[in-house]
Amino acid sequence: MLIVKPSFYDRFACRAARCVHSCCVGWEIDVDPGTMELYHTLEGPLGDEIREKIRPLPEPHFILQDDGRCPFLNDGGLCRIILGCGEEALCDICAEHPRFYNCFPGREEAGLGLCCEETVELLLGGESFTLIEDDDGEGDDPDRWVEQLASLRDVLFSYLRDGEGDFSGRIDRALSAADTEFPPFEPAVCAQQLLGLERMDDRWREMLEYLRDSGAGVECRLPLDDPRYERILRYFLYRHLITAKDEEDVRRLLRFCVLGMLTVCALDVVDPERKDEHLRLWSAEIEYSDENISRICTWL
Ligand code: SF4
């Protein structure tokens with residue numbers, strides 16, 4: 001099995017109580033069947049409380065408080081299930097978040113979701129990332145289509161990182177290597193379209209409204225030669241391109257990743273004080289919603 005991960009993957013450590021935007025607020029948390037079995041056996045007041053605060057349908061999930069907090073997140077920002085029963089009592093979603101996996105025969109790609117502020121710091125705070133591969137020589141034969149996608153991604157990465165000319169020219173070359181192009185980017189129009197999608201966080205709505213109302217002419221001022229945008233685009237490509245079903249899907253996902261990077265960049269121009277937050281919210285609101293990704297790919 002070939003395991004692929006970004007070079008910063010193993011440095012991840014949850015900020016827990018130090019996290020400003022805890023993932024234990026605002027997300028529905030489903031409880032997997034194995035953990036549900038464990039919860040049925042827990043004794044004492046905490047076991048009773050856990051069972052009481054899980055709604056069984058449509059999938060067992062924690063009943064969030066009115067303010068969107070997980071009922072087991074204490075005032076100090078720590079998880080009462082971990083404190084009372086240990087990390088092994090966490091459901092799969094809580095134990096794995098913010099990790100993501102793209103799994104194929106003979107190949108598993110792992111990453112850290114950018115909805116987590118620690119991942120944003122790892123991606124943008126240190127040296128540029130590379131992909132680390134480790135092959136134990138066992139497992140199924142690789143899928144030919146997935147191998148082709150991985151090779152294409154390597155080519156696109158090389159264009160984006162090492163190609164000549166400015167970054168927007170390198171993006172054009174990468175797009176044409178996949179036989180596609182990106183339509184003229186108009187930040188205010190894009191913000192208006194994104195406002196029509198499903199949203200979770202009011203701060204995302206406010207950011208998009210601000211971009212819609214002040215985004216005229218921003219496309220001429222995008223600081224694309226700042227290396228952070230090359231990293232962001234490569235990381236979007238790492239996560240999404242390998243999931244393409246066919247060649248048309250490759251082109252759609254490539255344009256989707258470019259749109260994401262350009263939108264984050266435009267938000268950074270109109271509100272430079274909240275740069276990392278723009279990336280984190282793009283991820284939380286768009287990358288974590290299959291419906292939103294699909295609707296954006298349809299526009300593009
Ligand atoms: S968002 Fe990231 S750092 Fe914050 S609590 Fe969740 S996993 Fe930890």
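Order of appearance sets the numbers: ligands from 1, and atoms from 1 within every ligand.
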Chemist: Does His21 put an N, O or S atom under 2.8 Å from atom 4 (Fe) of ligand 1?
Modeler: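 It does not: His21 brings no N, O or S atom closer than 2.8 Å to atom 4 (Fe) of ligand 1.
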
Chemist: Using the ring of each side chain (for Trp, its six-membered ring), is Tyr238 parallel, tilted or perpendicular to Phe100, with breaks at 30° and 60°?
Modeler: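 Taking Phe100 first and then Tyr238, their aromatic rings sit tilted (interplane angle of 30° to 60°).
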
Chemist: Using only heavy-atom distances, determine whether the side chains of Thr35 and Asp32 contain a donor-acceptor pair under 3.5 Å.
Modeler: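 Per modelled atom types, Thr35 and Asp32 side chains form a pair under 3.5 Å.
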
Chemist: Can you tell me if, anywhere in Cys116, an N/O/S atom lies at a distance from atom 2 (Fe) of ligand 1 that is smaller than 2.8 Å?
Modeler: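 Coordinating: yes.
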
Chemist: When you measure from atom 5 (S) of ligand 1 to every protein heavy atom, which one gives the shortest distance, and what is it?
Modeler: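 The closest one turns out to be Cys14 SG, 3.6 Å.
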
Chemist: List the closest protein heavy-atom neighbour of atom 4 (Fe) of ligand 1: residue, atom name, distance to the nearest 0.1 Å.
Modeler: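 Atom 4 (Fe) of ligand 1 sits closest to the protein heavy atom Cys19 SG, 2.3 Å.
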
Chemist: What residue and heavy atom of the protein are closest to atom 6 (Fe) of ligand 1, and at what distance?
Modeler: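 Heavy-atom neighbour on the protein nearest atom 6 (Fe) of ligand 1: Cys23 SG, 2.4 Å.
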
Chemist: Considering only non-hydrogen protein atoms, determine which one is nearest to atom 3 (S) of ligand 1 and report residue, atom name and distance to 0.1 Å.
Modeler: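 Residue, atom and distance for the closest contact: Arg15 N, 3.2 Å.
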
Chemist: Please confirm whether Arg170 makes a cation-pi placement over Tyr159, using NZ or CZ under 6.0 Å from the six-membered ring centre and within 45° of the ring normal.
Modeler: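 So Arg170 doesn't make the cation-pi contact.
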
Chemist: I want to know whether Tyr235 and Phe129 have ring centres closer than 6.0 Å.
Modeler: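 Yes, the ring of Tyr235 comes within the 6.0 Å limit of the ring of Phe129, centre to centre.
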
Chemist: What I want to check is whether the side chains of Ser128 and Arg234 have a donor and an acceptor closer together than 3.5 Å.
Modeler: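 A pair is found: one side chain offers a donor N or O, the other an acceptor, under 3.5 Å apart.
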
